[in-house]
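Order of appearance sets the numbers: ligands from 1, and atoms from 1 within every ligand.
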Amino acid sequence: MIEFEIPEKIAGICTVIKSVADNMMRPVSRYFDEHEHEIPWDYITFMQTATRAMGGSSMAPSEKREGPRLGFQRLAFMVEMLSWGDAGIYLDTPGGMLGSAAVSATGTPEQKERFLARFKNETPTFDAMCMTEPQCGSDTSAIRTTAVLDKDESQWILNGEKIFVTAGHKAMVDSKGFIVIWATIDPKAGRAGMRPFVVEAGTPGCQVTKLEHKLGIRASDTVSIVLQDCRIPFDNILGSPEVVTDKATTGFKGAMATFDATRPIVAAQAIGLARAALELLKEMLTEKGITIRYGLPRQKLTSIEKDVIDMEVMLRSAWLLVIEAVWMMDNGKPNSLESSMCKVRAGDVVNKITQKAVEIMGPLGYSREHLLEKWFRDAKISDIYEGTGQINRLVVARQILGYRSSELR
Ligand SMILES: Cc1cc2nc3c(=O)[nH]c(=O)nc-3n(C[C@H](O)[C@H](O)[C@H](O)COP(=O)(O)OP(=O)(O)OC[C@H]3O[C@@H](n4cnc5c(N)ncnc54)[C@H](O)[C@@H]3O)c2cc1C
């Protein structure tokens, strides 16, 4: 049964995170937007200590069962609040992001311990996940990065290029983190050949080659990574080594399992950002003497009142979809449909709300004096990474209509 009240344990954490958002994110939001590629170390260092005390902020929630599992629900609430603070700075939070989600979804218990233990240390550490390549984004079966087994040395040799890797610089250059590389062990096999591999920071042959200049979330680093005869230990292939000879779609299923966990969290990021824009819009309207008269029949409302109420409905309904998807994760229920559904909805909602807020406030919305214009730019990414809006719509349609991906593409 889904609870509509915030569980007590999570409410306490949200109070702390709200204070972080108010005091450590909002005051530096504009600075890090305008100084792209500078790193908000004060925030990072603080969060490293704070999240350890709160039991972690990782995309790989604890396996421990203490009463009902709340790991993903807690994470969604935290991410929503941090993104309310600043969606770009939130992406600099140490302690396990998309790379950890991949390890968690596809790794063996031994691998989870080996790769994720570092996040419990005092030093801020990062990870990243690398799927996208210059010639492959939405169609993940087209990846060309190869992994070839050197049996004599018991090593994998990786070759290829990954682009648009969130937090790749922090994972590989600024900390002793790791990246998860999706590569093919059989380029002719399409999805069946895909496997995830962990590459540790400092591994020879793995190089960060480019830092992107972006429209939004400019406090977060996005990089290209080149793998040139990059050798990694045999047991850095995630999952059981037997999958090496498995011709089924094990690897692709691992990618999808990762997305089931990460899409609702990306959706939570969108919701936090949308809520920030809507709240600021309402404050600005109040300052101008415009209050929203809730409870009146629709025909008696002004156009602005209708817009604001519609935005509130959109925001609430999208958040409820997120809560459903993370509740299913915590309760071990298959959630591919709900995960993509909430991602589609939240991606739409954050773009509509930020766009409308800028529109209603006119020059004030467009001016750099306020954060509305920045949030308008930050919003777009919610509809791009972790599967674009179109791709997640396809996933939803396939699940509802019972089509395979080959039948509806
Ligand atoms: C800031 C940023 C951070 C990112 N971080 C990461 C990361 O950490 N790791 C990572 O692996 N990737 C990351 N990405 C990449 C992102 O996931 C891809 O950009 C995304 O998956 C789309 O892939 P593409 O860019 O190749 O676009 P394409 O796949 O070429 O798509 C182009 C357009 O066509 C549409 N389209 C494609 N196929 C279909 C279809 N079958 N039906 C209808 N429409 C379709 C898409 O929706 C899109 O609008 C990031 C991207 C950005 C911008």
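At under 3.5 Å, not a single nitrogen or oxygen of Cys130, backbone or side chain, sits near a nitrogen or oxygen of ligand 1. Note: an N/O pair closer than 3.5 Å links Thr166 and ligand 1 by distance alone. Residue contacts with ligand 1: Ser138 is placed with a nitrogen or oxygen under 3.5 Å of a nitrogen or oxygen of the ligand (distance criterion only). Residue Met129 places at least one N or O, backbone or side chain, under 3.5 Å from an N or O of ligand 1.
Stacking of Arg26 on the aromatic ring of Trp84 is recorded, both the 6.0 Å distance cut-off and the 45° axial limit being met.
Among Leu394, Ile381, Asp139, Ile143, the residue whose heavy atom sits closest to atom 42 (N) of ligand 1 is Leu394. The heavy atom nearest to atom 17 (O) of ligand 1, out of those in Leu215, Thr132, Val266, is found in Thr132.
Using cut-offs of 30° and 60° on the angle between ring planes, the pair Phe115 and Phe178 is tilted.
Counting atoms of ligand 1 from 1 in the listed order, those under 4.0 Å from a heavy atom of Met131 are 10 (C), 11 (O). Within ligand 1, the atoms closer than 4.0 Å to a non-hydrogen atom of Thr388 are 22 (C), 46 (C), 47 (O), numbered from 1 in the order shown. Interface of Lys214 with ligand 1, defined as ligand atoms under 4.0 Å from a residue heavy atom, comprises 1 (C).
Looking at Ile237, Val198, Thr203 one by one, the single match for side-chain contact (heavy atoms from CB on, under 4.5 Å) with Ile232 turns out to be Thr203.
Here the closest heavy-atom approach between residue Gly88 and residue Ala219 is recorded as C-CB, 3.8 Å.
Within 6.0 Å of atom CD in Glu5, 12 or fewer heavy atoms from other residues, nucleotides or ligands are found, so the atom counts as exposed in its surroundings.
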